[in-house]
2 protein chains.
Amino acid sequence: MTEQKRHHHHGNLREALITAGLELMEQGGPDALSLRKCAKRAGVSHAAPAHHFNGLVSLQAAIIARGYQKFSASMRRAADQADAAPQAQLNAICAGYIDFARSHTAVFKFMFQPHNNDSQTLDATTQEELDRDSMASYQILRDACAPFEHNDAQGVSTEIMVWSLVHGYAMLFCAPGKTESPSGPIPEFSQILPKLKLKTNITP
Amino acid sequence: MTEQKRHHHHGNLREALITAGLELMEQGGPDALSLRKCAKRAGVSHAAPAHHFNGLVSLQAAIIARGYQKFSASMRRAADQADAAPQAQLNAICAGYIDFARSHTAVFKFMFQPHNNDSQTLDATTQEELDRDSMASYQILRDACAPFEHNDAQGVSTEIMVWSLVHGYAMLFCAPGKTESPSGPIPEFSQILPKLKLKTNITP
DNA sequence: TGGGGTATCTTGACAGTGTCAACATGGAGA
DNA sequence: TCTCCATGTTGACACTGTCAAGATACCCCA
């Protein structure tokens with residue numbers, strides 16, 4: 001009776017639904033995701049997910065939160081394997097950013113789409129997960145940009161610039177196997193990242 | 001009998017459906033778009049659109065093509081009002097890019113999403129529209145970048161860099177009324193655009 | 001000028017979707 | 001032990017895209 005007999009309670013249905021949703025999304029794109037298909041994959045009835053997610057948008061938000069976790073992991077992994085110097089670290093973070101976009105294209109693009117969850121109420125737990133995991137990802141990029149200055153401007157503009165650049169590159173040119181833009185081969189990201197100046201440590 | 005009596009033939013249903021679709025999209029986001037709602041708005045039965053579009057994805061593609069037309073117009077309008085110098089022209093093109101993203105956020109983001117039309121067959125007319133209009137938009141940005149060099153690299157990397165930068169900025173920070181990023185106020189785009197060098201006209 | 005062909009639109013049907021309500025089950029705490 | 005409630009099931013509803021079959025009116029050619 002340990003494994004073979006199906007209990008009335010699934011045990012960890014929430015996790016199973018998120019996992020199933022990620023699989024569906026990576027295979028068939030965002031439109032392939034449905035509550036009923038996730039339920040079927042998890043071996044429960046079509047209405048069971050309603051007890052764990054406040055509707056489809058909440059499941060989508062939970063999938064996105066899981067995406068952010070993998071996203072952070074990809075950037076951290078790249079940074080760990082690189083030299084500790086600020087420029088090497090920033091390059092590595094961007095490489096991890098782009099790696100994730102290439103290897104999880106569907107989820108990546110879905111993460112940065114306009115979602116209906118703007119005015120909608122998500123479950124408390126999903127909302128917390130989403131806030132925490134997305135901020136963690138952003139903080140990684142932010143920290144990597146912190147040592148640098150850009151364009152004679154102070155403060156925040158460096159990370160906005162780097163984020164815009166790497167994000168645009170990822171959105172436009174990172175599909176699996178894509179190597180051509182409308183006007184020729186796509187250069188490496190390191191070729192388009194402008195040279196940045198290190199901040200001066202001491203101010204008068 | 002000129003206007004009041006409804007003919008069996010609508011007259012220009014294809015256009016009416018695209019217009020209705022654009023309205024639905026701008027009001028309620030991509031998920032608010034449905035063939036049946038467009039048909040209702042155009043005053044025809046639910047299956048009428050099938051005679052003009054090869055399914056939903058073709059209507060979406062036609063809406064995107066229309067979006068590219070407005071997109072091009074926005075960039076051209078900005079360029080026409082600016083000085084003719086290369087730097088002023090490039091700044092204006094980027095401003096037009098961002099203006100469109102801000103004023104037509106839903107359609108803009110939808111234009112650059114992964115779509116199911118990759119392996120799917122669109123109507124010939126819709127496919128032509130989409131190719132023509134998207135290439136026209138890209139050509140505008142391309143021309144504006146042509147006079148410049150970047151990062152000691154030759155050839156294509158300038159337009160890839162500028163495109164990535166402006167696109168990432170638009171995707172991340174251009175929602176109606178959005179002025180804050182996770183780490184503070186969002187700077188103007190001109191503040192994050194690196195200084196570019198003009199190409200030397202003559203080569204040995 | 002007439003007649004046939006065809007583009008256009010309608011009606012009806014079907015499977016799939018999200019969501020709600022009502023009910024069943026079983027574990028955990030009083 | 002008894003009861004409450006989290007968790008899961010069944011059934012229903014409106015809405016969706018898509019297909020098939022039939023109706024209508026326009027256009028072109030004899």
Side-chain angles (χ1 to χ4, degrees), chain A residues 1-2 4-18 20-21 24-25 27-63 110 115-117 119-126, chain B residues 1-18 20-21 24-25 27-63 115-117 119-126:
Chain A
M1 61 178 165
T2 55
Q4 45 206 5
K5 187 189 173 201
R6 274 278 150 260
H7 288 62
H8 178 77
H9 290 62
H10 177 281
N12 201 353
L13 183 53
R14 208 186 114 96
E15 279 306 308
L17 291 170
I18 295 174
L24 286 172
M25 194 108 112
Q27 289 168 14
D31 293 345
L33 176 71
S34 89
L35 280 172
R36 288 171 113 104
K37 277 191 241 173
C38 288
K40 185 166 289 185
R41 285 209 173 204
V44 294
S45 76
H46 68 265
H51 293 272
H52 296 271
F53 298 103
N54 178 17
L56 177 60
V57 294
S58 283
L59 174 57
Q60 292 172 328
I63 290 174
F110 191 69
H115 299 293
N116 312 342
N117 57 11
S119 63
Q120 198 151 352
T121 308
L122 272 50
D123 346 0
T125 65
T126 305
Chain B
M1 62 176 165
T2 55
E3 306 272 40
Q4 43 205 5
K5 188 190 170 202
R6 275 278 149 260
H7 287 63
H8 178 75
H9 289 62
H10 177 282
N12 201 353
L13 183 54
R14 208 187 113 96
E15 279 306 308
L17 290 170
I18 294 174
L24 285 172
M25 195 108 112
Q27 288 170 15
D31 292 346
L33 176 71
S34 89
L35 280 171
R36 288 171 113 105
K37 277 191 241 175
C38 289
K40 184 166 287 184
R41 284 210 174 203
V44 294
S45 77
H46 68 265
H51 294 271
H52 295 271
F53 298 103
N54 179 17
L56 177 61
V57 294
S58 283
L59 173 58
Q60 292 172 329
I63 290 173
H115 298 293
N116 311 343
N117 58 10
S119 62
Q120 199 150 352
T121 309
L122 273 50
D123 345 3
T125 66
T126 304

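Residue numbers begin at 1 in each chain, while the letters A, B, ... track the order of the sequences.
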Measure CG/A:L24 against C1'/C:dG18 and give the value in whole Å, please. 16 Å
Euclidean distance, atom CG of residue A:N12 to atom P of C:dG27 [Å, nearest integer]: 17 Å
N/O donor-acceptor pair, side chain A:H46 with base C:dG16, under 3.5 angstrom: no
Rounded to the nearest Å, what distance is computed from the CG atom of residue A:D31 to the P atom of nucleotide D:dT18? 11 Å
In this structure, how many angstroms lie between the C1' atom of C:dT17 and the CG atom of B:L35, rounded? 15 Å
How far apart are the closest heavy atoms of B:T126 and B:S58, and which atoms are they? CG2-O, 3.5 Å
Donor/acceptor link under 3.5 angstrom from B:R36 side chain onto base of D:dG17: yes
Taking B:D123 for its side chain and B:N54 for its backbone only, find out whether a donor-acceptor pair lies under 3.5 Å. yes
Check the distance between D:dC15's C1' and A:L56's CG and give it to me in whole angstrom. 14 Å
For B:L33 and B:C38, the nearest pair of non-hydrogen atoms, with its separation, is CD1-SG, 3.7 Å
Let me know the distance between CG of B:L33 and C1' of D:dC15, rounded to the nearest Å. 14 Å
Could you state the atom-to-atom distance from CZ of B:R14 to P of C:dC9 in whole Å? 13 Å
Within the structure shown, what part of the strands sits under 4.0 Å from B:K37 by heavy-atom distance: base, sugar-phosphate, or nothing? sugar-phosphate
If you only use heavy atoms from C-beta on, which nucleotide in D:dG17, C:dT10, D:dG8 is closest to the side chain of A:A48? D:dG8
Atom pair CZ/CG of B:R36 and B:L56 - distance to nearest 0.5 Å: 12.0 Å
DNA chain D: A:H51 or B:A47, which has the more 5' nearest nucleotide? A:H51
Would you name the heavy atoms of B:G55 and B:L35 that are closest together and state the gap between them? C-CD1, 4.3 Å
Can you tell me how far P of D:dA6 sits from CZ of A:F53, to the nearest Å? 17 Å
Are B:S45 and C:dT11 close enough that a side-chain N or O sits under 4.0 Å from OP1 or OP2? no
Would one find a side-chain N or O of A:H52 under 4.0 angstrom from OP1 or OP2 of D:dG8? yes
